[in-house]
> 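One structure is given below, represented as structure tokens, and several questions about it will come after.
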Amino acid sequence: WEKALELLDSMEGRGVKPDVFSYNATISACEKGKQWEKALELLFLMKDHGVKPNIISYNAAISACEKSGKWRKSLALLDSMGSRGVK
């Protein structure tokens, strides 16, 4: 997960704008590393960087919370998907 974060951070420095696939891969890496807080941070950062989270983004973030025992956060994310236009 740390390498994935490094790569994501270095993309903009190299003139490459991270897209939804880049963020999804990094959120997924955070999920596997049980870094639920970082996964959520990335999910919410996407919008600030002009990238719209999709169902895969939310699924990875929900899974990161679930695997870390943060089931209430998982449910909150699931509930928020509809209001954020994620189908």
> Is it the case that one hydrophobic cluster holds both M81 and W71, taking links as side-chain heavy atoms less than 4.5 Å apart, direct or via other members?
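Per the 4.5 Å side-chain linkage, M81 and W71 are not co-clustered.
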
> Anything under 3.5 Å between a donor and an acceptor, one on a side chain of residues 50-58, the other on a protein residue two or more places apart or in another chain? List them.
residue	atom	partner	partner atom	Å
N54	OD1	N24	ND2	3.2
N54	OD1	I56	N	3.0
N54	OD1	S57	N	3.0
N54	OD1	S57	OG	3.1
S57	OG	N24	OD1	2.5
S57	OG	N54	N	3.0

> Would you list the pairs meeting salt bridge (charged side-chain N to carboxylate O under 4.0 Å, His left out) in which at least one residue belongs to residues 69-85, sequence neighbours left out?
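Those involving residues 69-85 do not exist here.
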
> Using a 3.5 Å cut-off and no angle test, enumerate the donor-acceptor pairs between side-chain atoms of residues 4-18 and protein atoms at least two apart in sequence or in another chain.
residue	atom	partner	partner atom	Å
S10	OG	E6	O	3.4
S10	OG	L7	O	3.0
K17	NZ	H49	O	3.1

> For the CG atom of L77 and the CH2 atom of W36, what is their distance to the nearest 0.5 Å?
10.0 Å

> Please identify each residue that fulfils side chain to side chain donor-acceptor pair (under 3.5 Å) with K38, with sequence neighbours left out.
E41

> Sequence neighbours left out, cut at 3.5 Å: what donor-acceptor pairs do the side chains of residues 25-32 make with other protein atoms?
residue	atom	partner	partner atom	Å
T26	OG1	S22	O	2.9
E31	OE2	S63	OG	2.8
E31	OE2	K67	NZ	2.6

> Measure the OH-CG distance between Y23 and L45 for me, rounded to the nearest 0.5 Å.
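Taking OH in Y23 and CG in L45, the distance rounds to 6.0 Å.
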
> Carefully, step by step, assess I62 and L75 under the rule side chain to side chain contact (heavy atoms under 4.5 Å, CB included).
CA-CA 8 Å; I62 288 169; L75 290 176; over 6 Å; no

